[in-house]
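Have a look at the structure below before the remarks.
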There are 2 protein chains.
Amino acid sequence: MERIPILRIGSLLLVTIQVDLYDDLALQLQDDLSTRIAELGATGVLIDISALEIVDSFIGRTLANIAAIARVLDAETVVVGMQPAVAITLVELGMSLPGIRTALNVDLGMEYLRQAATGGNGVGTDHYAE
Amino acid sequence: MERIPILRIGSLLLVTIQVDLYDDLALQLQDDLSTRIAELGATGVLIDISALEIVDSFIGRTLANIAAIARVLDAETVVVGMQPAVAITLVELGMSLPGIRTALNVDLGMEYLRQAATGGNGVGTDHYAE
């Protein structure tokens, strides 16, 4: 079965979504991510969606689920690299991804997660789209 | 046209290969990577192939080409996450990927590239598969 690889970078996990997330693949990703967060004690999850030109309500829900699961496991999720057209479509669909933090690129997302992990998230969070 | 996303992490570029690399996609990746290395002055390229269960001679050649192009642009390439079965197949095919450095995972690959960039590659390179 096809799987989306989860890369570990320090205490963060990075997932790059490049293929269509059908049901089984999304569930597998949720499972794999939860296992890895718990195993490694990861403090943050970065999900790169820069390759996605279309995000439908299923993917939106999947991202929200992953963020919710990660939060329960004490890890924060940041979705990075959203294309402007995707942002427009999501808002038009009425999905503004509440509760999901976003950043322009992986670098900014990692910076935010590191600040959040060290408790320094009072300052500078305005650098990141929310 | 489908593209493989290239993520920037500091002065490094990270590519996760999850789909079959057919001709056009491989050429596109070479083009995109060379452009980004030059634009950003990247010092290293990480190519994660943990999702690949099969690596044929075409992919092997593509990886070698990318490493050669990156080297000319003054960036080093590390292939990470190779599955044991893939390593066995490659050697059986007579392709031992000469000139390509490998590491077990992204973390180790990044550590190596950072040491190499600061000129500290005399010590500790034995931690990485070569």
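Numbers restart at 1 for each chain; the letters A, B, ... are given by sequence-line order, proteins then strands. Since this is a predicted model, take the numbers as computed values, not measurements.
Proximity of B:M110 to A:I9: side-chain heavy atoms (C-beta onward) are separated by under 4.5 Å at one or more points.
Per-residue heavy-atom pair counts under 4.5 Å with chain A were compared for B:V19, B:V80, B:D107, and the maximum is reached by B:D107.
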Before giving the answer on side-chain contact (heavy atoms from CB on, under 4.5 Å), spell out for A:L7 and B:L46 the whole-Å C-alpha distance, their side-chain angles and the decisive distance to 0.1 Å.
CA-CA 12 Å; A:L7 308 181; B:L46 286 156; over 6 Å; no
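Within 6.0 Å of the CG atom in A:N65, the count of heavy atoms belonging to other residues, nucleotides or ligands exceeds 12. The environment of B:D20 atom CG is sparse: at most 12 non-hydrogen atoms of other residues, nucleotides or ligands sit within 6.0 angstrom.
In this structure, A:I47 is a member of the same hydrophobic cluster as A:Y22, with clusters built from ILVMFWY side-chain heavy atoms closer than 4.5 Å. A:L93 and A:L21 end up in the same hydrophobic cluster when Ile, Leu, Val, Met, Phe, Trp and Tyr side chains are linked at under 4.5 Å.
Side chain of A:Q18 to backbone of B:T16: a donor-acceptor contact under 3.5 angstrom is found.
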